[in-house]
2 protein chains.
Amino acid sequence: MAETTARTDARHTRERLLAAARDAFASYGTEASLRDIARRTKVGIGTLYRHFPTREALLEAILDTNFDTLRERAEQLLESPSIAPLEALLTWLNDLAVGARTYQGLPHSIMVALADENSELHASCAAMRASGERLLRRAQDAGQVRTDITVYEMIAIIIGSVWAVQQDGGLSDRMARLLDVAAHGFVRHPTAAGGDRSDRP
Amino acid sequence: MAETTARTDARHTRERLLAAARDAFASYGTEASLRDIARRTKVGIGTLYRHFPTREALLEAILDTNFDTLRERAEQLLESPSIAPLEALLTWLNDLAVGARTYQGLPHSIMVALADENSELHASCAAMRASGERLLRRAQDAGQVRTDITVYEMIAIIIGSVWAVQQDGGLSDRMARLLDVAAHGFVRHPTAAGGDRSDRP
DNA sequence: ACCTGAACACCGTTCAAGT
DNA sequence: ACCTGAACACCGTTCAAGT
């Protein structure tokens, strides 16, 4: 019984740490002070470190649901026959942008997670990325998107745009405009006036 | 004579601080330790602060030449009759991207400088931005670029792309690809397949 | 098992005291 | 005039000691 109580308390501590972290990240971004999170939880700093050995482990606990949701959303869109390939892709990219806006600094964590295989967010980000790739491929196969664009490029431009808007207040109408321009760069047009090399050998 | 010597020494100190700062920024990005810069210069930390009261003042001393160069480059391109408006714009955007890649973290400083009127980099960035706007307008007037795009959007997407590439090593071929896609988003195409709302009333 | 917090090695920034 | 660096208020991270 003593053990069960200890485990229960530990679980409780974990949940309280996560709640405080969500608060802190929402207020100060993903670089919020870990000491401050421990302080708010009324727990020693060592306790935070034992539950979450790195800042990324903490982020992962908070975020991987979001990445999973994004992956499920992609699968949903792939299976909806009423939604055209390009429309499905653009819808998903909007969801991605909305998700990346959750916390200040999150765009940075996402780009790092995509590139660094040792990141604790790598797995969920890679799955999210793979699902986006399927949406991209389908739109390319349908002749609606430039065939020379990679998932990396697609995600980098979207996340880079989210980042840019975040640097300055992060107004959501600005975000919508940037996404529109970025998306326009993906589209394949019948006769290109310039800058489009998607049909080169 | 003593005064002249003191002034000369101060100037010398200033130059040595700038050299150390350039080194440190090149190695560690624009968030490099100011204490470390003072240490390398073999100067008290207070001396650095008196010469450059803020990190931005230091950045400004290092960078405003670059922004001026970018502005001059724009004027040059505007006056070259042999270069088509779109080509001139894309050339300039490439120069902007190359400049923004100078230091890790510089994209952040640029976006902040553009938005914040109190930034010490604001003046040179605003001049740079204004010159880019002239290039953009000309390409729009020539019917080669979407008329609904603003300088802010154009710069944000370019700098956002530079930022994204910087998060992962910063390979320059990746940069070139991203710029191509971003630029493609600016171009006005005769018949849009989707995502282009540039001709709406 | 789980938790604590002092200790270490750093920051940015200010300001009284020195030449 | 110009320079110094101790002092203050913070960090992230580790680890011996406590329950």
Side-chain angles (χ1 to χ4, degrees), chain A residues 1-21 23-25 27-62 103-105 108-109 112 118-120, chain B residues 1-21 23-25 27-62 103-105 108-109 112 116 118-121:
Chain A
M1 198 61 171
E3 265 183 37
T4 306
T5 303
R7 270 211 291 270
T8 304
D9 285 359
R11 196 133 52 198
H12 187 219
T13 301
R14 201 189 126 94
E15 291 312 318
R16 279 161 56 228
L17 279 168
L18 285 175
D23 266 21
F25 288 172
S27 300
Y28 307 108
T30 57
E31 295 302 313
S33 159
L34 296 179
R35 277 183 119 102
D36 192 47
I37 290 169
R39 220 144 37 208
R40 289 176 189 222
T41 315
K42 275 162 189 160
V43 118
I45 180 69
T47 301
L48 183 149
Y49 271 87
R50 202 164 42 77
H51 281 271
F52 307 102
T54 64
R55 182 185 295 274
E56 273 211 312
L58 191 53
L59 252 182
E60 196 258 356
I62 288 177
Y103 302 116
Q104 189 87 14
H108 173 256
S109 306
V112 168
N118 297 324
S119 160
E120 313 200 47
Chain B
M1 198 61 170
E3 266 185 34
T4 307
T5 303
R7 271 211 291 269
T8 303
D9 286 357
R11 196 134 51 196
H12 188 220
T13 300
R14 201 190 126 94
E15 290 312 317
R16 279 161 54 229
L17 279 167
L18 284 175
D23 266 21
F25 288 172
S27 300
Y28 307 107
T30 56
E31 295 302 314
S33 158
L34 296 179
R35 277 182 119 104
D36 193 48
I37 290 169
R39 220 145 38 208
R40 290 177 190 223
T41 314
K42 274 160 189 163
V43 118
I45 181 67
T47 302
L48 183 149
Y49 272 88
R50 203 164 42 76
H51 280 270
F52 307 102
T54 65
R55 182 185 295 272
E56 274 211 311
L58 192 51
L59 252 181
E60 196 257 355
I62 289 177
Y103 303 116
Q104 189 87 15
H108 173 255
S109 307
V112 169
D116 180 8
N118 296 325
S119 160
E120 313 201 45
L121 283 162

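Chain letters run A, B, ... following the sequence lines, proteins first and then strands; every chain starts at 1. Bear in mind that the values here come from a model prediction, so they are computed numbers and not experimental data.
- Note that the CD1 atom of A:Ile62 and the CG atom of A:Leu58 stand 5.0 Å from one another [nearest 0.5 Å].
- If you measure from atom NE2 of B:His12 to atom P of D:dC3, you get 11 Å, rounded to the nearest angstrom.
- Considering only the side chain of A:Thr47, C:dC3 comes nearest among D:dG12, D:dT13, C:dC3.
- Taken from CG in B:Leu59 to CZ in B:Phe52, the straight-line distance is 11.0 Å, to the nearest 0.5 Å.
- Taking the salt bridge (charged side-chain N to carboxylate O under 4.0 Å, His left out) definition, one finds that A:Arg14 meets it with nothing, sequence neighbours left out.
- Here, D:dC15 and C:dC3 have their C1' atoms 13 Å apart, quoted to the whole Å.
- Side-chain N/O atoms of A:Thr13 include one lying less than 4.0 angstrom from OP1 or OP2 on C:dC3.
- Between A:Thr54 and B:Ile45, the residue whose closest nucleotide on DNA chain D is further toward the 5' end is B:Ile45.
- Here C:dC11 presents its C1' atom at 14 Å from CD of A:Glu31, a figure rounded to the nearest Å.
- Of the residues in residues 32-41 of chain B, those with a non-hydrogen atom less than 4.0 angstrom from any atom of DNA chain D are B:Arg35.
- Atom-to-atom distance recorded for A:Leu17:CG and A:Arg50:CZ is 10.0 Å, nearest 0.5 angstrom.
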Look for any protein N or O under 3.5 Å of an N or O in nucleotides 16-19 of chain C and output each such pair with its distance, or none.
none

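- In terms of the side-chain contact (heavy atoms from CB on, under 4.5 Å) criterion, residue partners of A:Thr47 (sequence neighbours excluded) are, by chain and number, A:Thr13, A:Val43, A:His51.
- Not counting sequence neighbours, B:Arg35 has no partner by the salt bridge (charged side-chain N to carboxylate O under 4.0 Å, His left out) test.
- The closest donor-acceptor contact from the side chain of B:Glu120 to the backbone of B:Glu56 lies at 3.5 Å or more, if one exists at all.
- Position along DNA chain C of the nearest nucleotide to A:Gly44 versus B:Gly46 favours A:Gly44 as the more 5'-ward residue.
- Minimum interatomic distance between A:Tyr28 and A:Asp36 (heavy atoms only, all atoms of both residues): CE1-OD2, 4.4 Å.
- Using a 4.5 Å cut-off on side-chain heavy atoms (C-beta onward), A:Gln104 and A:Glu31 make no contact.
- Between B:His108 and B:Thr30 the shortest side-chain heavy-atom distance does not fall below 4.5 Å.
- Following rounding to the nearest Å, B:Arg55 (CZ) and C:dG12 (C1') show an atom-to-atom distance of 8 Å.
- Note: CG (B:Leu58) to C1' (C:dG12) measures 14 Å, nearest angstrom.
- C:dC3 atom C1' lies 9 Å from atom NE2 of A:His51, rounded to whole Å.
- Rounding to the nearest 0.5 angstrom, the gap separating the CZ atom in B:Arg39 from the CG atom in B:Leu48 is 11.5 Å.
- Note on B:Arg50: a base of the nucleic acid sits closer than 4.0 angstrom, heavy atoms only.
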**Prompt:** Yes or no on side chain to side chain contact (heavy atoms under 4.5 Å, CB included) for A:Leu18 and A:Glu15, after CA distance, side-chain angles and deciding distance?
**Reply:** CA-CA 5 Å; A:Leu18 285 175; A:Glu15 291 312 318; 4.1 Å; yes
**Request:** Both distances under 3.5 Å, Watson-Crick or G-U wobble: on that basis, could you give the dot-bracket string for DNA chain C, with [ ] for crossing pairs and | for other-strand partners?
**Result:** ||.|||||...|||||.||
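- B:Tyr28 places its OH atom 12 Å from the P atom of C:dC10, with the value rounded to the nearest Å.
- As rounded to whole Å, 14 Å separates atom C1' of C:dT4 from atom CG of A:Leu17.
- The nearest whole Å value for the distance from the NZ atom in A:Lys42 to the C1' atom in C:dG5 is 17 Å.
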